[in-house]
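Note sheet for the following structure.
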Amino acid sequence: MADDLRKQFNLVKKQLFDKLYSRLNEKQREAVYSVNGPLLVLAGAGSGKTTVLVNRIAHILSFGNLYGDDGAVNVDVELLAKAQSLLENGAATEIRAFLSVLAEDKPQPYELLCITFTNKAANEFKARLENILGENSKELWSGTFHSVCVRILRRHIELLGYNSDFTIYDTDDTKRIITDIYKELDLSEDALAPRTASNEISRAKESSMLPDEYEIYAGNDSRLNTVAKIYRRYQHSLKMANALDFDDIILLTLKLFDEYPEVLDKYRNRFKYISVDEYQDTNLTQNRLVLMLSSKHCNVCVVGDDDQSIYSFRGATVENILSFDKAFRNCRTIRLEQNYRSTQNILSAANAIIGNNTLRKGKNLWTDKGAGERILLKKQYTQSEEAGYIVSYIREQVMHNNAKYSDFAVLYRLNALSNALEIIFSKSRIPYRVFGGTRFYERKEIKDILAYLAVINNPSDNVRIKRILNVPKRGIGNTTSVAIYDLAEREGKSVYDVIKDAAFYPEIQKSASKLDGFCSLMAELRELSQTITPSELIKSVIERTKYRDMVLASDEPERAENLDELVSAAMMFEENAEDASLAAFLADIALVTDVDNYDTDANAVTLMTVHSSKGLEFPTVFLPAFEDGIFPSTQAIMSGSTAALEEERRLAYVAVTRAKEHLVISHTGTRLLYGQTTQNPLSRFVEEIPKNLVTIEQSVKTVYNNVSEAKRKYVSSQQSFIKNVTKTPAESKPAVEQFEVGARVDHFSFGKGTVKKLTPMGGDVLYEIEFDRADVGVKKLMGSFAKLRRS
DNA sequence: ATGGGGCTGCTTTTT
DNA sequence: GCAGCCCCAT
């Protein structure tokens with residue numbers, strides 16, 4: 001009898017929940033209800049992923065385990081009656097209140113961890129939760145992998161021999177260190193590009209390889225051994241400076257957990273529920289971190305879309321999402337395929353494009369919105385025409401169709417493409433905002449002031465001291481600077497300590513008075529920093545170092561405005577942050593990105609890269625420069641690697657799925673990029689869109705350029721990545737056939753051979769070819785001169 | 001030590 | 001096309 005009652009009640013209870021979440025579809029609800037155990041949500045573009053995540057977290061906090069059959073209470077007739085009446089005619093708030101009271105074992109907000117891809121996503125997340133749950137949801141831990149790890153490291157990093165005032169180095173700092181190491185070890189940049197070395201180190205760190213292990217991995221390979229040497233030095237420099245790079249933030253957190261199980265226990269006990277968004281963009285160490293943190297309660301929900309994995313170049317691996325169900329055998333998988341964003345035509349185009357990828361789980365987006373408009377494919381003669389078309393299209397829609405500027409976005413493959421667009425946009429008086437390019441925190445004057453703050457916060461920060469030692473000019477030149485760094489290395493001291501005792505070292509005695517001046521300035525500021533807020537400190541730094549005077553006297557005095565903007569940024573930070581210390585401010589800005597400042601309210605057209613647009617949506621999207629050689633990029637085409645091309649295709653998929661109603665793809669006859677005029681054929685990805693979804697328009701001028709389908713196909717396959725050196729099409733070089741790695745070729749005098757390697761050079765390609773004839777062997781040949789034929 | 005002039009090289013994408 | 005680098009002259 002009691003059993004019966006319970007069964008009945010459970011049924012009504014579930015119906016109540018369904019009513020509460022009636023705005024969600026069945027799959028979405030299923031995800032919300034799957035509270036316990038590992039959960040993988042494969043969420044297609046625009047499938048309401050964020051809604052699901054937010055609702056799921058809110059659900060966990062409000063109702064804990066209540067949805068499950070064993071999740072409640074003493075059931076009596078009265079309770080059942082109440083539930084039934086609510087089901088009949090209860091308001092959402094009543095149902096919510098009723099269920100909430102029944103729930104036992106509700107977790108506290110601080111027992112939940114939500115990892116998002118950007119800080120902005122994290123903040124939105126919190127805001128939406130607060131809307132549903134009110135103030136106390138603030139305690140929830142949400143942030144990016146990096147911000148969460150920094151928070152953990154701040155508390156425990158002393159166990160690993162670092163000071164908790166550590167500095168976070170960005171790619172620019174990293175580059176400076178690597179450059180210094182090249183000089184120190186007398187390495188040639190031609191043999192191994194610094195950026196390659198730096199990338200290689202980053203990859204090593206992303207797979208938890210420390211210098212010792214990397215050395216073993218390098219084996220006899222001389223190139224890798226050089227990297228190993230650089231890596232070791234690099235890590236040493238960071239340690240000496242009490243600094244962490246982006247990879248270290250994750251890596252050291254893992255190390256902390258590995259070496260101090262009691263610290264790991266603290267956190268894995270604490271986080272009863274973990275969710276991770278954009279899982280397709282996690283790397284190996286991040287994946288390990290998730291597995292470690294969830295190893296106690298195993299309530300881990302990861303959300304992602306393998307088709308939107310676009311960060312493998314920085315170590316993200318789709319493998320994490322593809323093998324999540326192997327890491328957790330009892331994992332439940334839910335697919336969200338209904339799209340709420342785009343029209344069917346746009347989705348069909350996206351599906352058709354992504355369908356050409358082989359390495360995917362497979363998904364098919366659909367909508368009940370109807371076909372909508374066709375995709376517009378526009379060919380222009382020049383890029384200014386292309387930009388002009390976009391501008392006039394927007395103006396037309398705003399003037400006559402009641403559109404807002406913020407309904408439009410222009411998404412491009414390369415930041416370099418934004419220039420031509422910006423020129424036209426700024427002439428047109430259409431409000432627009434550009435994301436990316438030189439970002440606010442990467443401006444020289446901002447980085448200089450931040451360097452002062454970093455050194456105030458962490459005097460061992462050798463890299464940042466170098467940046468400001470003679471900025472503004474105070475008579476400390478290169479010779480002195482080099483001597484100081486040599487001394488610091490020799491004495492095993494920090495650069496700051498050497499400067500402090502300048503009079504003591506004969507090598508730098510001459511400059512001792514100037515160095516003393518620098519030191520007392522820094523000491524004074526450091527003293528100040530104990531008593532005033534970051535924004536006030538910034539003002540003091542700007543004035544006392546005479547930095548503002550320097551900027552005002554320069555040929556770009558308007559840069560002083562940026563200094564004021566930095567002060568405002570700090571004030572904003574102070575208003576919102578729980579911990580408004582200098583260290584916290586520095587950590588915060590080290591981890592923000594441009595997209596974090598993306599303001600959805602501003603009524604302006606958005607210009608950004610496709611990468612930055614992930615997660616956003618716009619009624620109308622323009623995709624200029626959809627050309628082979630740009631999208632997909634030259635390097636992806638030339639590498640001949642399927643994986644690289646498939647990543648480009650995923651990127652195209654992301655681009656197309658940003659559009660809600662109108663999609664305008666365009667390409668041009670000639671394009672000026674990096675100071676060179678290029679002629680690129682239409683992107684191969686456009687060829688993958690079924691013709692019945694597309695309307696093709698050409699500007700009048702380009703009609704003469706129209707060629708037969710067959711010829712265009714030929715050009716597209718043969719000439720795709722040639723950058724023409726000359727300005728006019730008439731003078732351009734004839735197409736030279738290109739070969740991929742592994743291709744069999746025939747040379748008029750060397751005979752047959754196999755392409756082993758290719759390197760882009762100027763508008764040409766350098767091939768390394770292993771010829772069959774033993775007396776010829778391996779030869780390096782330039783593509784345009786070698787007269788190679790496919791054999 | 002500083003400032004200017006000419007050069008090269010570099011162009012995915014970013015936490 | 002341009003920024004940042006190096007080298008040279010002051």
Side-chain angles (χ1 to χ4, degrees), chain A residues 115-122 143-150 168-172 174-176 179 183 189-190 193-195 199 202 205-206 244-250 278 281-283 285-286 309-316 411-420 423 435-439 441-442 444 469-482 510-511 514 554-555 587 589-596 608-614 625 629-639 644 647-648 650-651 654-655 672-678 723 760-762:
Chain A
I115 294 175
T116 51
F117 192 64
T118 61
N119 296 294
K120 178 176 170 269
T144 62
F145 273 102
H146 290 87
S147 69
V148 167
C149 286
V150 164
I168 298 168
Y169 279 173
D170 62 17
T171 28
D172 178 65
T174 297
K175 203 182 128 209
R176 283 163 192 263
T179 312
K183 280 183 192 144
E189 297 198 355
D190 300 336
R195 41 183 288 127
N199 277 338
S202 183
K205 288 184 169 188
E206 278 158 359
L244 273 59
D245 66 13
F246 288 133
D247 300 315
D248 280 342
I249 293 173
I250 313 292
E278 308 282 10
D281 290 323
T282 54
N283 64 33
T285 45
Q286 291 167 337
S309 162
I310 53 175
Y311 286 103
S312 77
F313 68 91
R314 70 174 206 220
L411 309 179
Y412 35 81
R413 178 66 184 81
L414 303 152
N415 270 315
L417 293 168
S418 71
N419 255 328
I423 292 169
F435 294 84
T438 9
R439 310 189 295 173
Y441 290 109
E442 279 169 11
K444 188 159 53 70
L469 193 54
N470 199 31
V471 176
K473 301 261 178 297
R474 48 176 77 90
I476 303 167
N478 192 251
T479 322
T480 311
S481 168
V482 169
K510 283 192 309 238
S511 312
K514 286 164 183 163
S554 74
D555 46 6
I589 54 181
L591 300 175
V592 297
T593 63
D594 265 18
V595 182
D596 291 334
M608 58 169 49
T609 63
V610 179
H611 277 93
S612 318
S613 75
K614 196 175 64 161
I630 290 177
F631 205 161
S633 72
T634 309
Q635 33 279 96
I637 298 171
M638 294 225 288
S639 70
E647 174 134 329
E648 293 283 316
R650 289 193 294 270
L651 194 57
V654 169
L672 185 69
L673 192 63
Y674 303 128
Q676 284 194 312
T677 303
T678 62
K723 289 186 176 179
M761 283 184 141

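Protein chains get the first letters and strands the later ones, always in sequence-line order, with residue 1 at the start of each.
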Sugar-phosphate only, base, or nothing, as touched by [X] at under 4.0 Å among non-hydrogen atoms:
X	result
A:Y311	sugar-phosphate
A:S147	nothing
A:D247	nothing
A:R195	sugar-phosphate

If you check the [X] side chain, which of [options] turns out closest?
X	options	answer
A:T609	B:dA1, B:dT15, B:dT13	B:dT13
A:R314	B:dT2, B:dT14, B:dA1	B:dT14
A:K175	B:dA1, B:dT13, C:dC5	C:dC5
A:N415	B:dT15, B:dA1, B:dT14	B:dT14
A:L672	B:dA1, C:dG1, B:dT2	C:dG1
A:T171	B:dT13, B:dT15, C:dC6	B:dT15

Quick check on [N]: is either OP1 or OP2 less than 4.0 Å from any side-chain nitrogen or oxygen of [X]?
X	N	result
A:N283	B:dT15	no
A:T118	B:dT14	no
A:S612	B:dT14	yes
A:N419	C:dG1	no

query = So which one's nearest nucleotide on DNA chain B is more toward 5', A:N478 or A:A590?
reply =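 First, find each residue's nearest nucleotide; the 5'-ward one identifies A:N478.
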task = Could you check A:F117 against A:S511 and say which one's nearest nucleotide on DNA chain B is further toward the 5' end?
result =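 Residue closer to the 5' terminus by nearest nucleotide: A:S511.
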Using whole Å, report how far [atom1] of [X] lies from [atom2] of [N].
X	N	atom1	atom2	result
A:N199	B:dT14	CG	P	14 Å
A:I476	B:dA1	CD1	C1'	11 Å
A:F246	B:dT14	CZ	C1'	8 Å
A:I250	B:dT15	CD1	P	13 Å
A:N470	B:dA1	CG	P	9 Å
A:K205	B:dT15	NZ	C1'	14 Å
A:H146	B:dT15	NE2	C1'	5 Å
A:D170	B:dT14	CG	C1'	11 Å

Rounded to the nearest 0.5 Å, what's the gap from [atom1] on [X] to [atom2] on [Y]? Could you check?
X	Y	atom1	atom2	result
A:T479	A:K510	OG1	NZ	7.5 Å
A:F631	A:L651	CZ	CG	4.0 Å
A:I168	A:H146	CD1	NE2	9.0 Å

ask   = Using 30° and 60° as the class limits, which term best fits the ring planes of A:Y311 and A:F117: parallel, tilted or perpendicular?
value = tilted
query = For A:F313 and B:dT13, is the gap between ring centres under 5.5 Å while the planes differ by less than 30°?
reply = yes
request  = Check A:A625 against A:L417 and note the closest heavy-atom contact, atom names and distance.
outcome  = CB-CD1, 3.7 Å
ask   = Should A:N470 and A:T480 be marked as a side chain to side chain contact (heavy atoms under 4.5 Å, CB included) after you check the CA-CA gap, both sets of side-chain angles, and the distance that decides it?
value = CA-CA 10 Å; A:N470 199 31; A:T480 311; over 6 Å; no
